[in-house]
> 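Just passing along the structure, written as structure tokens.
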Amino acid sequence: MSEAKRIDGKAFAENLRKQVAVNVKKIKTEHSITPGLAVILVGDDPASQVYVRNKGVQTKECGMNSFEFKMPDTVSEDELLAKVEALNADALVHGILVQLPLPDHIDEARVINAINPDKDVDGFHVINSGRLATGQKSMVPCTPAGCVMLVKNALGDDLSGLRAVVVGRSNIVGKPVAQLLLNEHCTVTIAHSRTKDLAEECRRADILVAAVGRPQMILGDWVKPGACVIDVGINRIAAPERGEGKMRLVGDVDYDSAAQVAGSITPVPGGVGPMTIAVLLAATVTACCRIEGIPEP
Ligand code: NDP
């Protein structure tokens, strides 16, 4: 079998951002409204700082307002909740994102559930999970939404009847991806650390989504010939071939062996990763339109 089609998430995300910029311009021209995204960062975790900075830059590039709030990791839960409340009440803010993880002394669920669900662009609020689970209009978690866009990019819009296996059952990736695929009429299996004979489960999948956090765990002989493989994992491993102490990023799928069998596959980096911020920007436009009562693009 020939090598799988490489699903180019970077290019897809770039196009999505361009589309968001077009939509923002239209909203500004026709309604004199500028969509605004507020991001709260607690503490000084270097990875989170880079991520938040990129969000801010890309938000502005799309023509939207970007509001960034940095709080020390000593901030109290009440102070953080007060900030969320202020942003809920701020008419210039259409999307609110609290960068996770939060320090241990703060109840993450309490903070997320304090966000106005209509401004919850990350889609983690329990009301939005409930809406998603019951097939109602909701804000949808960005990485899972990006995964489904890439699946459709590879297989076309009609996923009805396809067998999907999602490995991982976290609230932020595994469960919402499974829910979205179910809403697309796939037959969905969610696998996790207690799943018996995981390889055999994976081999049944027309769509295989890996969201595990274990480097290169899913091997080529776990993949059904022709399957669409979406690798959400981002793992840093030693890369002595690049020099002493060097690291490189790999996914949860062993790309080289899986690409020999799959029909299409996302690389890491350059697959699902770049989709998250692009989908976040699109979600901010959606939230803006719903809040302002103007047609969604
Ligand atoms: P979690 O650690 O929250 O969840 C991992 C899941 O994998 C759990 O459900 C766990 O099962 C399951 N699991 C762990 N080990 C095994 C195993 N040996 N066999 C089968 N299942 C197993 O991770 P996340 O969902 O937050 O993230 C998953 C990956 O996706 C990570 O690499 C993360 O970095 C990446 N990620 C990438 C994003 C992006 O591209 N922008 C965004 C978010 C995450 P159990 O529930 O039984 O413990």
Side-chain angles (χ1 to χ4, degrees), residues 7-14 16-17 39 45-55 58 97-102 108-109 112 121-124 129 132 140-151 153 164-181 188-205 208-219 221-223 229-237 247-255 258 265-283:
I7 303 172
D8 188 345
K10 194 161 172 253
F12 192 102
E14 234 169 77
L16 186 55
R17 284 201 305 272
V39 178
D45 173 62
S48 295
Q49 279 179 336
V50 170
Y51 199 43
V52 166
R53 196 178 320 125
N54 286 341
K55 280 175 187 165
Q58 295 184 25
L97 183 148
V98 179
Q99 184 67 41
L100 302 178
L102 292 172
E108 225 163 72
I112 297 302
V121 278
D122 244 349
F124 294 158
S129 337
L132 180 63
V140 177
C142 301
T143 303
C147 291
V148 175
M149 287 177 191
L150 293 182
V151 172
N153 178 249
V165 174
V166 179
V167 190
R169 56 173 163 178
S170 73
N171 290 335
I172 62 167
V173 190
K175 280 183 204 157
V177 169
Q179 199 64 62
L180 287 168
L181 291 169
V188 182
T189 299
I190 306 178
H192 45 78
S193 66
R194 315 283 177 94
T195 297
K196 287 186 182 143
D197 205 349
L198 181 61
E200 199 47 46
E201 291 293 344
C202 292
R203 271 181 215 119
R204 277 196 272 272
L208 178 59
V209 181
V212 189
R214 295 195 182 264
Q216 299 167 315
M217 184 186 88
I218 292 176
L219 305 173
D221 71 351
W222 297 24
V223 175
V229 178
I230 303 293
D231 190 353
V232 188
I234 302 176
N235 309 288
R236 215 168 271 281
I237 61 166
M247 308 289 277
R248 70 185 174 105
L249 289 184
V250 296
D252 293 338
V253 177
D254 178 41
Y255 185 91
I265 182 167
T266 57
V268 177
V272 174
M275 293 296 288
T276 303
I277 295 182
V279 176
L280 171 71
L281 302 175

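All ligand and atom numbering here is 1-based and tracks the order in the structure. Positions are given from 1, in the same order as the sequence printed here.
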> Does Ala211 come within less than 4.0 Å of ligand 1, judged by its heavy atoms?
yes

> Could you give the distance from CD1 (Ile112) to CD1 (Ile172), rounded to the nearest 0.5 Å?
10.0 Å

> Which ligand 1 atoms, with their elements, are less than 4.0 angstrom from a heavy-atom of Leu198?
19 (N), 20 (C)

> Look only at the side chain of Thr266 and the backbone of Asp231, and say whether a donor-acceptor pair between them is shorter than 3.5 Å.
yes

> Can you find a heavy atom in the side chain of Val268 that is under 4.5 Å from one in the side chain of Tyr255?
no

> For the 3.5 Å polar cut-off, considering only N or O atoms, please tell me whether Ile234 and ligand 1 meet it.
yes

> Is it true that a side-chain atom of Asn235 and a backbone atom of Gly251 form a donor plus acceptor pair closer than 3.5 Å?
yes

> Can an N or O of Asp252 be found at a distance shorter than 3.5 Å from an N or O of ligand 1?
no

> Looking at Ile172, which atoms of ligand 1 are within less than 4.0 Å of one of its heavy atoms?
26 (O)

> If the cut-off is 4.0 Å to any non-hydrogen atom of Met217, which atoms of ligand 1 fall inside it?
17 (C), 18 (N), 19 (N)

> With a 4.0 Å heavy-atom cut-off (strictly under), which part of Thr143 contacts ligand 1: side chain, backbone, both or neither?
side chain

> Evaluate Arg194 for polar contact with ligand 1, using N/O atom pairs at a separation under 3.5 Å.
no

> Counting from 1, what ligand 1 atoms have a heavy atom of Gly168 closer than 4.0 Å?
6 (C), 7 (O), 9 (O)

> Is Met275 near ligand 1, meaning one of its heavy atoms is under 4.0 Å from it?
no

> If we set the cut-off at 4.0 Å for heavy atoms, which region of Arg214 has an atom near ligand 1: side chain, backbone, both, or neither?
side chain

> Need the ligand 1 atom indices (1-based, order shown) with element for anything under 4.0 Å from a heavy-atom of Gly273.
40 (O)

> With side chains defined as the heavy atoms from C-beta onward, is the minimum distance between Phe124 and Ser129 less than 4.5 Å?
no

> Output yes when a side-chain donor or acceptor of Arg203 lies under 3.5 Å from a complementary backbone atom of Asp221, and no otherwise.
yes

> Is there any N or O on Thr276 that sits under 3.5 Å from an N or O of ligand 1?
yes

> Determine whether Val209 and Leu181 make a side-chain contact, defined as any pair of heavy atoms from C-beta on separated by less than 4.5 Å.
yes

> Any idea which atoms of ligand 1 are less than 4.0 Å away from a heavy-atom of Val173?
25 (O), 43 (C), 44 (C)

> Measuring from atom CG of Asp252 to atom CG of Asp254, what distance do you get when rounded to the nearest 0.5 angstrom?
11.5 Å

> Determine whether any heavy atom of Thr195 lies closer than 4.0 Å to an atom of ligand 1.
no

